[in-house]
Amino acid sequence: MKKSHVFEWNNSAFQQKVLAWYDQNRRILPWRAKKNSKPSPYHVWLSEVMLQQTTVPAVKKYFERFTSLWPTIHDLANSPPDAVMQEWAGLGYYARARNLIKCAGIVSADLNGKFPETEKDLKLLPGIGPYTAAAISSIAFGNNSVVVDGNVERIASRVFMVDNPMPLAKKEIHALAKHFYEGITSKRAGDMPQALMDIGATVCTPKSPKCEICPISDLCTVKQRNENPNLYPRKLPKAKKPHREGKVYWLETEAKQILIEKRSDERMLGWMFGFPGTSWDGVGNDFTAPDIDWDMVGDVTHIFTHFSLKLEVLRGRMPVGKVKLNKNQYLIDITEVENVGFPSLYKKVLKLALPARNMDPE
DNA sequence: CAAACGTGGAC
DNA sequence: TGTCCAAGTTT
């Protein structure tokens with residue numbers, strides 16, 4: 001503990017305030033157990049994976065849809081992987097969905113549908129890292145794990161006024177966050193991380209936190225010193241995003257079919273459907289476009305985490321028999337193409353090419 | 001360990 | 001328009 005704090009740090013005072021706030025202000029979320037009922041490990045796991053690097057509003061509909069289609073881990077495990085990927089379409093970070101499917105298979109087939117209860121065993125499963133293991137073990141099984149997500153990091157960085165920038169400060173912050181959990185009973189073990197996350201999401205927000213209504217403001221160094229909370233956690237400046245360009249092909253047959261392809265594991269958007277094109281992700285080969293007349297439909301731009309992309313959309317038509325399908329390529333009926341769960345990049349291509357196609361005189 | 005890995009909403 | 005961000009994991 002740094003001696004420089006303007007107050008005497010007291011774990012139990014902090015915890016009491018946080019939990020009392022939670023009892024009055026907890027959010028009602030679809031994956032959360034109602035008061036006095038046990039949480040479902042399946043729901044906790046599914047929601048935690050969906051919520052990784054994603055917002056609560058975005059996850060809600062996906063969670064409802066998944067649990068409606070697949071009420072148990074066995075249902076999910078027994079579903080065709082494509083169906084799961086289709087339902088994940090639009091949520092992003094598709095490795096999460098691929099790992100979700102693998103994890104469901106293991107838990108369903110090898111573990112009799114029971115999730116492990118310890119962090120150590122949970123972490124062995126695909127898609128479950130340090131955070132998610134801690135979250136599941138505490139929320140679903142009542143273990144007093146040190147759960148540190150972005151919210152907890154932010155709260156700790158302000159409460160203890162951590163001056164080292166992220167991500168260097170991760171270890172330091174994690175060590176400080178242990179204080180938040182020290183001595184929590186099993187009865188409250190699952191509430192504590194959720195309470196911190198609720199405070200982080202609704203009070204101790206990244207920008208313009210509501211310190212006036214914060215239950216722990218008198219224990220917060222940044223607040224007590226009148227520092228600017230917006231500056232915490234400190235961060236290193238980010239590198240500029242590179243820009244890439246490529247081509248994507250809307251290839252239609254004279255029988256009103258469209259060529260789509262399932263992207264392989266090692267590519268970006270792996271296991272998702274898309275349209276053929278140049279290798280804009282730097283993996284694999286460019287699509288060899290047939291030697292026909294291609295109409296330029298327009299450009300699609302898309303911003304990924306680490307680069308921006310502009311794809312030129314080209315549209316062409318040829319006889320069915322002339323189309324050579326590579327592995328993982330399919331011709332689907334024009335009436336079905338809108339029902340394919342494309343990732344957002346290809347959804348944009350679709351929205352550009354389909355109307356252009358419908359305006360065509362033929 | 002730094003970099004890869006999506007998306008849409010807020011300001 | 002650009003920038004930041006949201007319950008991280010994997011390699």
Side-chain angles (χ1 to χ4, degrees), chain A residues 27 29-32 43-63 85 88-100 102-103 122-136 138-140 145 147-155 166-168 170-171 174 177 190 192-202 204-209 230-231 233-244 263 265-272 274 280-283 301-309 341-348:
Chain A
R27 289 176 293 176
L29 301 170
W31 45 87
R32 248 179 208 175
H43 286 182
V44 173
W45 163 71
L46 179 61
S47 64
E48 288 301 340
V49 173
M50 285 182 166
L51 285 161
Q52 289 167 9
Q53 298 294 282
T54 310
T55 58
V56 164
V59 165
K60 279 183 179 169
K61 346 179 215 333
Y62 286 88
F63 180 84
M85 297 307 293
W88 194 277
L91 240 200
Y93 281 162
Y94 298 96
R96 292 185 297 165
R98 300 194 295 271
N99 284 327
L100 188 88
K102 293 174 192 167
C103 183
L122 283 161
K123 232 180 302 186
L124 296 174
L125 295 167
I128 299 185
Y131 161 74
T132 306
I136 296 174
S138 75
I139 298 171
S145 309
V147 183
V148 183
D149 73 325
N151 290 298
V152 179
E153 278 180 346
R154 186 170 56 256
I155 293 171
M166 298 289 282
L168 280 65
K170 268 188 178 293
K171 272 189 180 169
H174 190 276
M192 193 61 194
Q194 297 188 85
L196 291 169
M197 289 189 265
D198 277 13
I199 290 174
T202 64
C204 195
T205 47
K207 283 168 288 184
S208 309
N230 292 324
L231 302 179
R234 302 225 105 117
K235 283 175 186 169
L236 265 8
K238 286 174 185 165
K240 230 180 93 182
K241 247 175 238 222
H243 179 74
R244 298 184 191 170
R263 300 175 63 78
D265 204 338
E266 67 276 6
R267 309 196 71 168
M268 274 190 75
L269 312 176
W271 290 17
M272 300 301 293
W280 51 265
D281 61 351
V283 181
T301 57
H302 193 71
I303 314 289
F304 291 109
T305 305
H306 55 299
F307 65 93
S308 60
L309 176 67
F342 288 110
S344 295
L345 169 66
Y346 291 116
K347 215 176 293 174
K348 290 179 184 175

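Chain letters run A, B, ... following the sequence lines, proteins first, then strands; residues in each count from 1.
Atom P of nucleotide B:dC5 and atom CE of A:M272 are separated by 16 Å, given to the nearest angstrom. Between the NE2 atom of A:H306 and the P atom of C:dT3 there is a distance of 17 Å, rounded to whole Å. The CD atom of A:E153 sits 10 Å away from the C1' atom of C:dG8 (whole-angstrom rounding). Protein atom CG of A:L125 is 16 Å distant from nucleotide atom C1' of C:dG8, rounded to whole Å. C:dC4 atom P lies 13 Å from atom CG of A:L231, rounded to whole Å. Summarising the geometry, the separation between NE2 on A:H243 and C1' on C:dT1 is reported as 15 Å, rounded to the nearest angstrom. Remark: P of C:dT9 and NE2 of A:H174 are 11 Å apart, rounded to the nearest angstrom. Atom CH2 in A:W45 sits roughly 14 Å away from atom P in C:dT9 (whole-Å rounding).
In this structure, A:V44 and A:I139 approach most closely via the heavy-atom pair CG2-CG2, 3.9 Å.
Listed for the A:R96 side chain is no donor-acceptor partner under 3.5 Å among the backbone atoms of A:W88. The main-chain N or O of A:G274 is never found under 3.5 Å from a side-chain atom of A:R263 such that the two would form a donor-acceptor pair.
Atom name P, nucleotides B:dG8 and C:dT9: the rounded distance is 23 Å, in whole Å.
Within the 4.0 angstrom heavy-atom criterion, no nucleotide atom of any strand lies near A:P167. Among the atoms of the strands shown, only primed sugar atoms or phosphate atoms (P, OP1, OP2) are found under 4.0 Å from some heavy atom of A:T132. Within 4.0 Å of A:P126, counting heavy atoms only, lie sugar-phosphate atoms of the nucleic acid but no base atom. Across all strands, A:V147 comes closer than 4.0 Å to no nucleic acid atom at all (heavy-atom distances). Nucleic acid contact for A:L29: base, since at least one base atom lies under 4.0 Å from a heavy atom of the residue. Within the nucleic acid shown, A:W88 has no heavy atom closer than 4.0 Å to any nucleic acid atom.
In this structure, A:K123 and A:V56 both approach DNA chain C, and ranking their closest nucleotides by distance from the 5' end singles out A:V56. In terms of position along DNA chain B, the nucleotide closest to A:L168 lies nearer the 5' end than the nucleotide closest to the other residue of the pair A:V283 and A:L168. Residue whose closest nucleotide on DNA chain C sits further toward the 5' end, between A:G127 and A:K235: A:K235.
The salt bridge (Lys or Arg N to Asp or Glu O under 4.0 Å) check on A:R244 picks up nothing, with sequence neighbours excluded.
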When you check every protein heavy atom under 4.0 Å of nucleotides 6-11 of chain B, what one-letter string (B, S, -) results, 5' to 3'?
-> BBS---
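The aromatic rings of A:F304 and A:W280 sit parallel, their planes meeting at an angle under 30°, below the 60° perpendicular limit.
Side-chain contact between A:F63 and A:L29: absent, with no pair of heavy atoms (C-beta onward) separated by less than 4.5 Å.
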Start with the C-alpha distance between A:R154 and A:D149, add both sets of side-chain angles, then the distance that settles salt bridge (Lys or Arg N to Asp or Glu O under 4.0 Å), and finish with yes or no.
-> CA-CA 9 Å; A:R154 186 170 56 256; A:D149 73 325; over 6 Å; no
Which is it for A:Q52 and A:Y131 under the side chain to side chain donor-acceptor pair (under 3.5 Å) test, yes or no, and what are the steps along the way?
-> CA-CA 9 Å; A:Q52 289 167 9; A:Y131 161 74; over 6 Å; no
